[in-house]
Amino acid sequence: MSDAWEIVIGLEVHVQLHTRAKVFASASWGFGKEPNEQVDPVVLGLPGTLPVVNREAVEKAILFGLVVDAEIPEQCAWDRKNYFYPDNPKNYQLTQKDFPVTMGGKVEIELPGAARNIMGEHKWIRIHHAHLEEDVGKLSHSGSGSLVDYNRAGVPLLEIVTEPDLRSAAEASAFLNALVVKLTQAGVADCDMEKGQLRCDANVSVRRVGDTQLGTRTETKNLNSISGVRDCIIYESKRQIAQIEAGNKITQETRGWNAEMSRGYVLRDKEDAHDYRYFPDPDIPTLKISRETVNRLKKHVPEAPFDRQRRYIEKLNLPYTAASVLIADKALADWFETAVAAHPTNAAGIANWAANDLLRELSAQSGTEVGSDETPAVKISLDSCLIKPAQLAGLVKLTDEGVISKQQAKEVFTEMFSTGKDALAIVEAKGLRQNSDTGELEKIVAEVIADPAVAKSIAEYRAGNEKAINALKGPIMKRTQGKANPVMIDQLLRKLLG
Amino acid sequence: MAEEIYQLSATEISSRLAAGKLTSRAVVEALISRYHQLNKKIGAFTSLDEKDVLAQADASDARRKAGKVLSPLDGIPVAIKENIAVKGQPLTCSSKMLANLISPYDAHVVEALKSAGAIIYGRLNMDEFAMGSSTENSAIQKTFNPWDLTRIPGGSSGGSAASLASGLVPLALGSDTGGSIRQPASHCGIVGMKPTYGLVSRFGLVAFASSLDQIGPMARTVADCELLLNVLASPDARDMTCFDSTQRNQLPVASEKSLRIGVPKGVLGKGVGAEVAAATQAAIDFYKSKGATIIEVDLPSSDLAVPTYYVVATAEASSNLARYDGVRYGHRSANAKTPIEMMTNSRSEGFGPEVKRRILLGTFVLSAGYADAYYVRALRARSKIRAEHLAALEKVDMILSPTVPTPAFKVGEKVSDPLQLYLEDIFTIPANLAGLPALSVPCGKSGHLPVGFHLVGAPLSESKLFAAAQLFESAHSFANQQPTL
Amino acid sequence: MAKGLDIDHLAKLARLNLTADEKVLYSNQLTQVLTYFETLAKADLPANSDVALVVTEKALRSDEPGVSLGSDAVTKIAPASYDGQISVPRVVDDES
Ligand SMILES: [Mg+2]
Ligand SMILES: [Zn+2]
């Protein structure tokens, strides 16, 4: 038996779907409303009320299925999960147990590379199914009692259940990042973790490397951030390994997670397991999903981010880092591709601007941190961006043609970002055009060569030290106030120095 | 005419209103005085807001004057069972649990009645949460059979049936999960129909067993019953189980001569009272005399109907009634230290014994380890029962039987024997399990007590059933029978 | 008594308190009813049930937000409330 341990993880991810109304009621939902302001008789479970399924929620769920290559069964149905709790208005939750809206599917993930600019290993994580259910209300506790707000009750939740394919906390993080990118890019969900729009249950077990049997698993409920999932998996796998190594057995139990203390705790063991008494909801008939709907929604499936990444690297010759940054934001990547269409010969140059300067300015504008762990999908808005794709393409073109220097281009970009003017107009207005007048330049170059201060460098160059020529470029630039075309300076120097 | 206003049928009131011979106010005033005279004795109504109903009557009369009559029901009072939501009125379901709940919304049927100009006229007693066959399970009051005040009116729509039989109102709404419209209709000598499942929206009907519940019309005549159903039966997107406009085509009415009536093998045998059997046989003979073909039909799974029903209905009920926990509305127990204690105490204090019994039974049949033996098997039995009925209804237009095996029993007689009470529904339950339309029509007496016969038809054959019932009613005087009160 | 009928467990699942007398009464009555249900256990039944209704997407609601009751209406019918929220006894840890 091996001494090394393998961690086996399956996730149940709950995401709030992007809809305006609730999943079985017409009450609206959204963050930051006063308590119980988004409640109608159906949400409150008043006697006599009935659920009616929101079409948009079903379509968002189907779209998710198409995004992860799942099967969309001909029919789906809802069941009642019965349990009493004050935040559960009917004391049953409408969910899909036997006939979920999507079956199967897979998500490509990328593990962290050896360095930030090196691509990591890619792997596929299988999805078992995804089902459409309703969220519950929110309980808050005060000294003497608890308070219930039902605004969140009835918000559409898609529960995405993976196969136990994940093998480390890093893989779980990578999976959640990839999932969030897919969900947001397809418009299925916003996945704002600060607003509780993505919550996870983690099923964790450990076994010795080489074992084929799965170990006893525990389920930790309600992890509400990607870092929480990562920390919990690390904690729980260590705990289980320590238990087994100490000769103890793992109990199949449901656990909670204290994020402040980074510690897990037992919620209930198997003996206390709920008897949910599932049965088909008699108020919601089995729903037939037409193939027309599926085919219509297929048109809304965006290119898979990692397909895009491969295309950028292989076809457009983008460096890995820029490609990875761009694919994380669909709008930015689309924007980038429009720019490339306007100047197809230097996609890498455009990518460099878009993935660095533009993204930095945009996120400074919106006040979000770029690519942080909790916001894998960079939250920027291109709506307010004054630079149009063709304008950035124009800037890169001017640089490529030697009209302006790289240094000048930075200045043009800054101006362009704040005014939305064309690159050429800015160049003209600021008089930034590189000096490409051969006669005038040749005169200046000749004068610099004649300066005794550079005699030593000239001698070294002539003796075969190629780099020594660079010492002459500075004084030339200085005399032209930086407007000289560096390519021309180089050519002239070589000509005049023989 | 010596006939009193309270004795008039809705159809008659409608034509007198149209002819200007009567006002809605006069009708309502007559009914209010009848209410003062009799309701204490009968216990049919749980509440009646006199000012409100008079105002509705005046509004109707004003509409009529202005030539803006909304429908044939305009100005006609319709009383509503306690489990149907009327905005601003209590929705008690005759339970202590909901004693203080005021509904903030209208049921679909109430909206439909309001837009037809009908007067929403008072609330009717019932078995708590529609669980029972005698209206003895009401936490509000007892209701007595107008034909014999020592007997039960049937249930759960006992208030509805008793109010009609005693001339307190011309039209009433009931709800029927296993016979709750038809059984009290039979016991009180009136007409009651349970429509095809899906014909009438359940939005606003407090659920007992969602896959079986239907709201239906109750009246003293077949024509009135049909008049009321026509207002209730309209599409409603708020109930996903309710037919849309394309799914509502009624089967054509059969002519007297081509009418084929099925009689289940041995239906008048064991358990059916002699006088009930005789009255039913007389109805069969009547149809035969009119040229109908009487065909014996075989429904071998009939024995399974009662157990199947009680498994499915209680399973659904145990979940439907979980929401009554004292948190959001309804009865809350004082002195609880935790939410669980509060919910448990509230439920224990708020529900009556029959409701508790059915919740426990339903919880059991769904619980881990037993669901397959009970709930899942019951669903399969339900399929079989439905298939047998649909097959029989390919060969006949309708199936005729007694509505209830024996006439109304004494108050208190079956309280301690739930199983005996469950067997009251033996003839009515299959229509609920199979989602079929069914009605009960008065057809005679057992001693001094009325009895009815029962017709079940294919889905959406309501018109056919009404036509057949009308044929019987016109040739007999049972529609005019009135108890002496 | 019908096999497996554990009245205490059922009462707990159903969130009902039962007195000792009630436990005896309900156990007996449920046992009687369940015995009567034996016909169901013995019956020859189809392998699957097909009673569930089926609807098309036409029956779905459009994603149009409707009217809210408002927290005043919610708290008005609630047995106890505080500042727009419904109040209950304090939840001790996770009881769900
Ligand atoms: Mg889960
Ligand atoms: Zn879930």
Side-chain angles (χ1 to χ4, degrees), chain A residues 19-22 24-29 34-41 43-44 46 52-59 75 77 82-88 91 137 139-150 221 254 256 267-268 274-275 277 280 282 284-290 293, chain C residues 4-18 30 34 37 40 46-96:
Chain A
T19 63
R20 298 163 68 208
K22 292 187 176 180
F24 302 119
S26 66
S28 63
W29 66 276
E34 289 297 311
N36 294 312
E37 283 297 343
Q38 296 165 318
V39 169
D40 65 13
V43 170
L44 206 56
L46 279 178
V52 178
V53 185
N54 182 335
R55 173 178 292 114
E56 188 67 14
V58 172
E59 294 198 354
Q75 295 188 340
N82 295 286
Y83 68 95
F84 285 87
Y85 208 62
D87 63 7
N88 185 6
N91 286 321
L139 268 166
S140 54
H141 311 297
S142 69
S144 54
S146 295
L147 297 172
V148 207
D149 169 15
Y150 292 105
K221 291 256 176 214
T254 305
L267 272 179
R268 52 182 179 265
H274 288 154
D275 181 354
R277 288 158 287 136
I284 306 178
T286 296
L287 176 66
K288 244 200 172 105
I289 307 282
S290 74
T293 299
Chain C
L5 186 80
D6 175 350
I7 195 75
D8 291 306
H9 176 65
L10 283 182
K12 194 181 166 204
L13 269 182
R15 294 270 184 262
L16 290 171
N17 295 321
L18 299 180
L30 293 191
L34 291 171
F37 287 2
L40 200 54
N48 289 300
S49 69
D50 61 352
V51 278
L53 301 169
V54 180
V55 293
T56 66
E57 293 158 60
K58 273 198 305 184
L60 301 176
R61 80 160 70 235
S62 65
D63 188 29
E64 289 301 321
V67 215
S68 165
L69 276 173
S71 70
D72 286 348
V74 173
T75 51
K76 199 177 146 196
I77 58 170
S81 66
Y82 175 79
D83 205 16
Q85 302 206 57
I86 292 170
S87 55
V88 293
R90 189 176 160 82
V91 173
V92 280
D93 203 23
D94 186 281
E95 297 177 276
S96 63

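Numbers restart at 1 for each chain; the letters A, B, ... are given by sequence-line order, proteins then strands.
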Do [X] and [Y] make a side-chain contact, defined as non-hydrogen atoms from C-beta onward lying under 4.5 Å apart?
X: V55(C); Y: L287(A); answer: yes
X: R277(A); Y: L13(C); answer: yes
X: L147(A); Y: S87(C); answer: yes
X: V43(A); Y: L69(C); answer: no
X: V58(A); Y: E57(C); answer: no

query = Which of the residues R61(C), E64(C), Q85(C) is involved in the greatest number of heavy-atom pairs with chain A at under 4.5 angstrom?
reply =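 With the most close heavy-atom pairs to chain A, the winner is R61(C).
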Segment of [X] engaging chain C (4.5 angstrom heavy-atom cut-off):
X: F24(A); value: backbone
X: S144(A); value: backbone
X: I284(A); value: neither
X: L44(A); value: side chain
X: P41(A); value: both

What is the minimum heavy-atom distance between [X] and [Y], and which atoms define it?
X: V54(C); Y: K288(A); answer: CG1-CG, 4.0 Å
X: V39(A); Y: S68(C); answer: O-OG, 3.1 Å
X: P285(A); Y: L53(C); answer: CB-O, 3.4 Å

Just give me the residue among [options] that pairs up with chain C most often, heavy atom to heavy atom, under 4.5 Å.
options: G137(A), P282(A), P35(A), S28(A); answer: P35(A)
options: D40(A), V148(A), D87(A); answer: V148(A)
options: N82(A), V52(A), L46(A), L139(A); answer: V52(A)
options: T293(A), N54(A), N88(A); answer: N54(A)
options: A25(A), A77(A), P280(A); answer: A25(A)
options: A21(A), G256(A), S146(A), S290(A); answer: S146(A)

task = Give, as side chain, backbone, both or neither, the part of A73(C) having an atom under 4.5 angstrom from any heavy atom of chain A.
result =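 No part of A73(C) comes within 4.5 Å of chain A.
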ask   = What part of K12(C) lies closer than 4.5 angstrom to a heavy atom of chain A: side chain, backbone, both or neither?
value =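 When you check distances to chain A, no heavy atom of K12(C) falls under 4.5 Å.
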query = Would you say Q75(A) has more than 12 foreign heavy atoms packed within less than 6.0 Å of its CD?
reply =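 Yes - once you tally the heavy atoms of other residues, nucleotides and ligands closer than 6.0 Å, there are more than 12.
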message = Would you compute the distance between atom CG of L60(C) and atom CD1 of I289(A) and round it to the nearest 0.5 angstrom?
response =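 The CG atom of L60(C) sits 7.5 Å away from the CD1 atom of I289(A).
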ask   = Atom CG of D275(A) and atom NE2 of H9(C): how far apart are they, to the nearest 0.5 Å?
value =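 Here the interatomic distance stands at 5.5 Å.
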query = Any luck finding a side-chain donor-acceptor pair between S71(C) and E37(A) under 3.5 Å?
reply =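 Distance-only check passes for S71(C) and E37(A).
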Side-chain (N36(A)) to main-chain (G84(C)) donor-acceptor, under 3.5 angstrom =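 Yes.
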